[in-house]
Amino acid sequence: MQIDHVTLRTLRIPLVTPFTTSFSTQTARTVLTVEVSARVAGREVTGWGECGALAEPVYSDEYAAGAADVIERFLLPRLAAASADTVLTAETVGELLEPVVGHRMAKAALEAAILDAQLKAAGTSFATYLGVTRDRVPSGVSVGIQDSIRALLDAVAGYLDEGYQRIKLKIQPGWDVEPVRAVREAHPDVALQVDANAAYTLVDAAHLRRLDEFDLLLIEQPLAEDDLRQHAELARAMATPMCLDESVVSAASAADAIQLGAAAVINIKPSRVGGYLEARRIHDVARASGIAVWCGGMLETGLARGANAALAGLPGFTLPGDISASSRFYARDLTTPYVIENGSIAVPTFPGLCEQPEADALAEFSTEVREVSPA
Ligand code: NPQ
Ligand code: MG
């Protein structure tokens with residue numbers, strides 16, 4: 001593949017309802033998109049990628065403007081140099097970008113755009129590329145921290161009415177045992193799990209153990225990103241299965257977490273781990289180790305939501321993902337909206353990772369457009 005041109009856009013897309021986690025309240029999603037114009041075997045093709053990084057480095061150390069900068073300065077020049085020698089395919093992106101330390105969300109966005117272009121040129125869907133044969137995947141929903149337990153119960157009831165097959169409650173100190181108890185009492189049989197986004201420390205072990213009585217599927221990332229050993233210790237102190245999100249950034253860190261007993265379950269977010277290809281390797285490592293995985297989310301637009309659904313069609317994804325309908329977050333998506341029917345999302349069959357985004361949606365939400373021509 002030969003890269004001719006790249007357009008980096010920063011979008012600000014309003015959320016249908018504020019999303020509060022232990023680290024922030026957001027009323028809009030700031031998202032960086034990567035549009036790659038390339039030639040594959042002489043044929044012009046466009047590929048799109050979306051960056052998982054938030055506007056601020058509060059979920060992880062990356063942020064959208066930093067990702068745009070590192071793509072322009074350090075990542076794209078490496079791919080452009082390789083593309084002149086025709087070495088460039090989606091499968092070589094990981095190795096070509098290996099000399100740059102970290103910046104996995106930036107790398108993931110660029111790899112996604114290249115992979116999208118490559119698959120569109122070949123007329124191949126992402127599911128076919130992965131060898132996925134399932135045509136639908138079960139849909140779960142992540143429910144933010146609310147102002148009251150009444151508001152939480154109303155939100156959960158609404159999502160269950162829409163058909164979501166699993167509820168994830170965001171928790172933080174001061175919003176944990178009582179909200180979880182209220183939801184469990186209102187819905188004794190619902191598949192329920194919690195996500196703390198690293199808001200606790202091991203000192204809270206006795207308190208977190210109180211969640212064991214609610215028959216939760218898992219507790220996600222209670223401790224800090226770097227605290228693998230402490231997660232293992234907490235896992236031994238609790239009956240609720242331990243799930244890692246932020247701590248798992250690669251297949252290597254997944255293997256470490258599994259070996260340490262820090263993860264009985266892994267949340268796989270393609271953006272967090274450097275892209276869909278590394279996400280598949282984590283799936284493979286976990287599956288070989290008897291560790292369940294599910295597909296997490298970063299409030300993806302239509303540029304990445306369908307690719308997540310395809311990934312979640314792999315056989316090791318045995319728990320419902322945070323792959324909700326577009327309407328869970330956005331009144332207007334960049335593509336045809338993803339919908340949930342009978343609690344599941346269709347695995348896309350179109351070529352590539354995503355549909356072409358709608359030009360008027362891009363125009364409506366863009367706050368910055370940067371044209372980058374590789375040297
Ligand atoms: C998680 N996602 O599993 C993340 C966290 C996250 C769906 O729970 C704006 C504000 C964007 C908060 C993207 C879900 C966000 C955000 C992701 C939180 O930890
Ligand atoms: Mg999480």
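Below, all heavy atoms of this structure are taken into account, side chains as well, without hydrogens, waters or symmetry copies. None of the values given here were measured: they were computed from a predicted structure. Counting starts at 1 for both ligands and their atoms, following the listed order.
The ligand atoms of ligand 1 that sit less than 4.0 angstrom from a heavy atom of Asp195 are 1 (C), 3 (O), 19 (O). Near Lys170, the atoms of ligand 1 lying under 4.0 angstrom from a non-hydrogen atom of the residue are 1 (C), 3 (O), 4 (C), 5 (C), 8 (O), 14 (C), 19 (O). In the vicinity of Lys168, heavy-atom distances shorter than 4.0 Å reach the ligand 1 atoms 1 (C), 3 (O), 8 (O). Residue Asp245 approaches ligand 1 through these ligand atoms, each under 4.0 Å from one of its heavy atoms: 1 (C), 3 (O), 19 (O). In the vicinity of Tyr59, heavy-atom distances shorter than 4.0 Å reach the ligand 1 atoms 19 (O). Per-residue contacts place Glu220 under 4.0 angstrom from the following atoms of ligand 1 (heavy atoms of the residue considered): 3 (O). Residue Ser142 has at least one heavy-atom neighbour below 4.0 Å for each of these atoms of ligand 1: 7 (C), 8 (O), 14 (C).
With a 6.0 Å radius and a threshold of 12 heavy atoms from other residues, nucleotides or ligands, Tyr159 has its OH atom above the threshold.
With values rounded to the nearest 0.5 angstrom, Cys51 atom SG is found 10.0 Å from Leu8 atom CG. Taking CD1 of Ile323 as the start and CD1 of Ile345 as the end, the distance is 7.0 Å to the nearest 0.5 Å. In this structure, OG in Ser83 is found 9.0 Å from CE in Met1, a value given to the nearest 0.5 Å.
Distances shorter than 4.0 angstrom occur between a heavy atom of Gly297 and an atom of ligand 1. Under a 4.0 angstrom heavy-atom cut-off, Gln221 registers as lying outside contact with ligand 1.
Between Ser139 and Ala325 the shortest heavy-atom distance is OG-N, 4.5 Å. Taking each heavy atom of Met238 and Leu208 in turn, the nearest pair found is CE-O, 3.1 Å.
Between His283 and Phe317, the ring planes lie parallel to each other; the angle is under 30°, not in the 30° to 60° tilted range.
Salt bridge Glu364/Arg332: present, at least one basic N to carboxylate O contact under 4.0 Å. Ion pair Arg9/Glu35 flagged as a salt bridge, since at least one NZ, NE, NH1 or NH2 atom sits closer than 4.0 Å to an Asp/Glu carboxylate oxygen.
Protein heavy atom in closest approach to atom 10 (C) of ligand 1: Gln26 CG, 3.0 Å. If you check which protein heavy atom lies closest to atom 19 (O) of ligand 1, you get Asn197 ND2, 2.7 Å. Protein heavy atom at the shortest distance from atom 15 (C) of ligand 1 is Leu54 CD2, 3.6 Å. In this structure, atom 12 (C) of ligand 1 lies nearest to the protein heavy atom Phe19 CD2, 3.5 Å. For atom 4 (C) of ligand 1, the closest non-hydrogen atom on the protein side is Lys269 NZ, 3.2 Å.
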Going through the checks in order, is the side chain to side chain donor-acceptor pair (under 3.5 Å) test met by Asp245 and Tyr59?
-> CA-CA 10 Å; Asp245 174 354; Tyr59 163 80; 2.6 Å; yes
Check against side chain to side chain donor-acceptor pair (under 3.5 Å), Glu246 and Ser60 | CA-CA 7 Å; Glu246 287 89 329; Ser60 68; over 6 Å; no
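When you scan the N, O or S atoms of Glu220 for the one nearest the Mg ion (ligand 2), you land on OE2. Closest to the Mg ion (ligand 2) among the N, O or S atoms of Asp245 is OD2. Atom OD2 is the N, O or S atom of Asp195 at the shortest distance from the Mg ion (ligand 2).
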